[in-house]
Amino acid sequence: MPRRIPSAVSRVTDAAAARGFPRFDLGQIRRGGLDCGRIANCRAIMRLTQYFLPLLRENPSEAQIVSHRLMLRAGMVRQSSAGIYSWLPLGLRVLNRVGQIVREEQDRAGAQEILMPTIQPAELWRESGRYDDYGKEMLRIRDRHERDMLYGPTNEEQITAIVRDAIRSYRDLPKNLYHIQWKFRDEVRPRFGVMRGREFLMKDNYSFDLDAAAAKHAYNKMFLAYLRTFARMGLKAIPMRADTGPIGGDLSHEFQILAETGESEVFCDRRWLDTDILAADVDYDSDLEPFFRHWTSLYAATDEMHKPENCPVPPEQLVSARGIEVGHIFYFGAKYSKPMGAVVTGPNGDEVPLEMGSYGIGVSRLVGALIEANHDDAGIIWPDSVAPFRLGLINLRPADAKCRAAADDLYAKLRRAGVEVLYDDRDDSPGAKFAAMDLIGLPDQLIIGPRGVAAGTIECKNRRSGARVDLSLDAALTRFTSA
RNA sequence: CGGGGCGUAGCGCAGUCCGGUAGCGCACCUGCUUUGGGAGCAGGAUGUCGGAGGUUCGAAUCCUCUCGCCCCGACCA
């Protein structure tokens, strides 16, 4: 690179550094030593005077349940039509966070990410026989050539077609492919905001194995991955024996979060309430059957699967509650591979239909479910792992030069350290700022005001506990940059 | 898809029964004063009353049709 260009760049980065952006070392970037994701993040607007955060003071009349109300009030989403939403900056950050945790745990479990289309040809669904079965929930579209298309409600057919065309031998197995993509199901009655939308973001994956034993291992891997995924979000999602529904198949578990606003009735052993579902770290390549048996030994079943007359749990030990379904896994063998001709040549030369499973996580639904599980009267309380920003920084008196200097300085240092901090630098009354920050629910708040600045301290408030502590600016910085 | 409810300013609502120049609170704009839990004063802007048709001298209001949204149920990640 010519010499004079880096100097021009360095002037730019000097100016950027003065505004709180990190100074980029081009050499370091070229050597791959600087995380480009972090650079992009550091460029993002995080000042409330510039950020698009349309807060609502009152509850919109169309929103009835708490997560829907709070998502609208906190400027996370706006409704476009029934069950269809636009995601605004704050909401999109959470959606991406949730998606990223799902992605990391899928990758860890050995699944590989792909991206399939939202629009699918009807032909594929005629092959599996589901085109007529699926009914009015499938949004059918006709293109300009009068070809029948559809907006995918799920992707079993699509993935089966991809795999059958690409995989010939049992040596190519196992495979597990996932994507995170928008789906559409034309629900008769969408409700509960993003938790029961018509358009929704879902992670779905599909496992392909040679025989039932290998397929069960794939199922167990996903079972484990799901426990880990939800635990990382601070959610207790109980695996429950479930009906296989229109996907079909032999074995199925739903992962349910207990919440008053859950849409279905679920039953489980009382001991689940005290069970801590850890983000278990188990070797995915080991025999997972003992693990699976352990986590399915305590009774838990959805309404359709629960039969009071032969329930193994005595009534006094049984809990009946409402559940939000955030994940669903299926083992269905050759249900799709057989009619669609997805076969491999086995070890002894026979053609064998692939043994398949499919696994879903409602990514957009989880955002609502997370709020159902984490809020109080003042607003949302984000778990750290999914919070749109780690910190909120409030400058109570932007017009005061000392407050401004202290807040700008802290903001710049936090940004430089890669901390995601939403900075309320607006000229507004203190009460309004406190209320806004509580509403959007960032895990911790740093509050800078004339009182503290005079004493050389800022206040640090934890959103969940409400605990407040006065810290020096340096101590506050260390607290959130040293972890 | 059955049953119910609601569409009036960005949000929350009154006005509709009983037709007569479209209102209130918050938010917004301007100015001044304020500033540690949704500030005060003064001034200002904002509407095809969901849409179409009809009745009438005159319709947010009455009649007909229609669209949208919400709730309960059935259904669903």
Side-chain angles (χ1 to χ4, degrees), chain A residues 54-65 68-69 72-73 75 78-84 134-138 152-156 180-205 226 237 242-247 252-257 262-264 302-304 323-330 358-366 368-369 378-379 394-400 403 426-439 445 447-455 457-459 461 466 468 470:
Chain A
L55 301 177
L56 264 30
R57 188 162 169 169
E58 291 177 87
N59 287 321
S61 59
E62 81 253 22
Q64 299 299 318
I65 64 162
H68 191 195
R69 281 199 282 227
L72 290 166
R73 286 193 53 207
R78 284 290 115 102
Q79 180 163 320
S80 169
S81 59
I84 302 179
Y134 219 93
K136 290 191 158 181
E137 298 203 334
M138 182 147 76
T154 177
N155 290 66
E156 276 83 5
I180 298 176
Q181 177 64 291
W182 292 94
K183 309 285 192 290
F184 194 90
R185 294 182 192 172
D186 200 358
E187 302 281 347
V188 208
R189 179 151 104 84
R191 66 189 115 165
F192 302 148
V194 298
M195 288 205 298
R196 178 81 183 278
R198 292 194 291 171
E199 189 181 55
F200 56 97
L201 186 63
M202 179 173 163
K203 184 283 301 176
D204 46 322
N205 57 320
Y226 276 36
D243 192 18
T244 52
I247 307 280
S252 175
H253 284 87
E254 282 181 15
F255 289 76
Q256 295 269 358
I257 292 166
E263 40 179 338
S264 55
T302 59
D303 194 27
E304 314 82 65
I324 301 170
E325 180 187 354
V326 290
H328 202 160
I329 61 180
F330 301 88
S358 77
Y359 315 89
I361 289 181
V363 175
S364 49
R365 170 180 286 189
L366 267 167
I394 300 178
N395 182 359
L396 287 179
R397 193 103 47 107
D400 179 275
C403 287
R426 297 172 305 165
D427 185 16
D428 206 338
S429 72
K433 295 185 176 196
F434 291 133
M437 202 55 89
D438 286 349
L439 173 63
Q445 301 170 7
I447 301 155
I448 293 184
R451 218 164 63 189
V453 165
T457 63
I458 65 174
E459 184 177 301
K461 175 186 154 186
R468 297 153 189 271
D470 286 331

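Both backbone and side-chain heavy atoms feed into the values below; hydrogens, waters and symmetry mates do not.
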Exercise for the section: Please work out if A:G360 contacts a base, only the sugar-phosphate, or nothing of the nucleic acid, heavy-atom cut-off 4.0 Å. Expected result: nothing
Practice task
Return yes if the base of B:rG37 and the side-chain atoms of A:R468 contain a donor-acceptor N/O pair under 3.5 Å, otherwise no.
Solution key: yes
Handout entry: Gap between atoms CG and C1', on A:D204 and B:rA77 respectively (whole Å)
Key = 10 Å
Fill in the blank from the handout: Of B:rG12, B:rG36, B:rC72, the nucleotide closest to the side chain of A:P60 is B:rG12
Practice task
State whether A:S61 places a side-chain N or O below 4.0 Å from either non-bridging phosphate oxygen (OP1 or OP2) of B:rC13.
Solution key: yes
Handout entry: Nearest heavy atoms of A:L72 and A:A63, plus distance in Å
Key = CD1-CB, 3.7 Å
Practice task
Classify the nucleic acid contact of A:R73 as base, sugar-phosphate or nothing, counting any heavy atom under 4.0 Å across all strands shown.
Solution key: base
Practice task
Could you check which of B:rC75, B:rA77, B:rG36 has an atom nearest any side-chain atom of A:E325?
Solution key: B:rA77
Practice task
Check every strand shown and say whether A:R198 touches a base, only sugar-phosphate, or nothing at a heavy-atom separation below 4.0 Å.
Solution key: nothing
Handout entry: For the student: nearest non-hydrogen atoms of A:E304 and A:E254, plus distance
Key = OE1-OE2, 4.5 Å
Problem - Out of B:rA77, B:rC70, B:rG38, whichever nucleotide has its closest atom nearest the side chain of A:E62 - result: B:rC70
Handout entry: Test: A:D470 and A:R451 ion pair at under 4.0 Å
Key = no
Practice task
Write down the distance between NE2 (A:H68) and P (B:rC11), rounded to a whole number of angstrom.
Solution key: 13 Å
Exercise for the section: For A:K461, report the nucleic acid contact type (base, sugar-phosphate, nothing); a contact means any heavy atom under 4.0 Å. Expected result: base
Completion exercise
Nearest-nucleotide check on RNA chain B, A:P190 vs A:L201; residue mapping nearer the 5' end is A:P190
Fill in the blank from the handout: Quick note, A:E263 side chain, CB onward, closest among B:rC26, B:rC69, B:rC76 is B:rC76
Practice task
Report yes if at least one side-chain N or O of A:R189 is closer than 4.0 Å to OP1 or OP2 of B:rC75; otherwise report no.
Solution key: no
Completion exercise
Whole-Å distance, A:M437 CE to B:rG36 P, equals 17 Å
Problem - B:rG36 pairs with, by Watson-Crick or G-U criteria that keep both distances under 3.5 Å - result: none
Exercise for the section: With P as the reference atom in both, quote the distance from B:rG58 to B:rG53 in angstrom, rounded to an integer. Expected result: 15 Å
Handout entry: Whole-Å P distance, B:rG44 and B:rG23
Key = 14 Å
Completion exercise
For A:F255 and A:I329 the tightest heavy-atom approach is CE1-CD1, 4.0 Å
Practice task
Could you tell me the separation between the CD atom of A:E187 and the P atom of B:rC75, rounded to a whole number of Å?
Solution key: 13 Å
Practice task
Ignoring the backbone of A:D438, work out which of B:rA77, B:rG37, B:rG73 is nearest its side chain.
Solution key: B:rG37
Handout entry: Nucleotide of B:rU35, B:rC75, B:rG38 approaching A:R196 most closely (side-chain heavy atoms)
Key = B:rC75
Fill in the blank from the handout: Closest of B:rC75, B:rG38, B:rC76 to the A:R57 side chain is B:rG38
Exercise for the section: With RNA chain B as reference, determine whether A:R191 or A:R397 sits nearer its 5' end, using the nearest nucleotide of each. Expected result: A:R397
Practice task
Could you please name the partner base of B:rC41, counting Watson-Crick and G-U wobble pairs only when both distances are under 3.5 Å?
Solution key: B:rG31
Problem - Side chain of A:H328 (C-beta onward), nearest among B:rG73, B:rA77, B:rG38 - result: B:rA77
Practice task
Would you mind reading off the distance between A:K183 atom NZ and B:rA77 atom P, rounded to a whole angstrom?
Solution key: 13 Å
Handout entry: A:D438 side chain to A:Q445 side chain, donor-acceptor N/O pair below 3.5 angstrom
Key = yes
Handout entry: Closest listed nucleotide, where the reference is the side chain of A:E58 and the choices are B:rG25, B:rG37, B:rC76
Key = B:rG25
Exercise for the section: Look at the side-chain N and O atoms of A:Q256 and state whether any lies under 4.0 Å from the OP1 or OP2 oxygen of B:rA77. Expected result: no
Completion exercise
note: A:K203, atom NZ; B:rA77, atom P; distance rounded to Å ~ 15 Å
Exercise for the section: Using the aromatic ring of A:F434 (for Trp, its six-membered ring), decide whether it stacks on the base of B:rG36 within the limits of 5.5 Å and 30°. Expected result: no
Handout entry: Length of the line joining A:D427:CG and B:rU34:C1', which is rounded to integer Å
Key = 10 Å
Exercise for the section: Give one of base, sugar-phosphate or nothing for A:G452, where a contact means two heavy atoms less than 4.0 Å apart. Expected result: base
Completion exercise
Partner of B:rG25 under the Watson-Crick or G-U wobble criteria, both distances under 3.5 Å, comes out as B:rC11
Practice task
With C1' as the reference atom in both, quote the distance from B:rU66 to B:rG7 in angstrom, rounded to an integer.
Solution key: 14 Å
Exercise for the section: Mind calculating the distance between CG (A:N59) and P (B:rG25) to the nearest angstrom? Expected result: 21 Å
Practice task
Determine the minimum heavy-atom distance between A:P153 and A:F200, stating which atoms define it.
Solution key: O-CZ, 4.3 Å
Handout entry: For the student: nearest non-hydrogen atoms of A:R397 and A:P450, plus distance
Key = NH2-CG, 3.2 Å
Exercise for the section: Check the side chains of A:E156 and A:S358 for a donor-acceptor pair under 3.5 angstrom, ignoring hydrogens and angles. Expected result: yes
Handout entry: Phosphate-side-chain proximity, A:K136 and B:rC1, N/O vs OP1/OP2 below 4.0 Å
Key = yes
Problem - Pair assignment for B:rG73, Watson-Crick or G-U wobble, requiring both distances under 3.5 Å - result: B:rC1
Problem - For the student: nearest non-hydrogen atoms of A:H328 and A:A242, plus distance - result: NE2-CB, 3.8 Å
Exercise for the section: Assign A:K433 to base, sugar-phosphate, or nothing according to its heavy-atom contacts below 4.0 angstrom with the strands shown. Expected result: nothing
Practice task
Looking only at side-chain atoms of A:S429, point me to the closest of B:rG36, B:rA39, B:rA77.
Solution key: B:rA39
Practice task
Give one of base, sugar-phosphate or nothing for A:L396, where a contact means two heavy atoms less than 4.0 Å apart.
Solution key: base
Exercise for the section: For A:G197, answer base if it contacts any base atom (sugar-phosphate contacts may also be present), sugar-phosphate if it contacts only those atoms, and nothing otherwise; contact means non-hydrogen atoms under 4.0 Å. Expected result: base
Problem - Separation between the C1' atoms of B:rC65 and B:rU55, rounded to whole Å - result: 15 Å
Handout entry: Span that lies between the C1' atom of B:rC32 and that of B:rG36, in whole angstrom
Key = 23 Å
Practice task
Pick base, sugar-phosphate or nothing for A:E459, based on heavy-atom distances below 4.0 Å to the nucleic acid.
Solution key: base
Practice task
Could you tell me whether A:D400 contacts a base, only the sugar-phosphate backbone, or nothing, with contacts defined as non-hydrogen atoms closer than 4.0 Å?
Solution key: nothing
Exercise for the section: Quick one: look up who B:rC18 pairs with, Watson-Crick or G-U, both distances under 3.5 Å, and put none if it's unpaired. Expected result: none
Problem - Pairing partner (Watson-Crick or G-U wobble, both distances under 3.5 angstrom) of B:rU55 - result: none
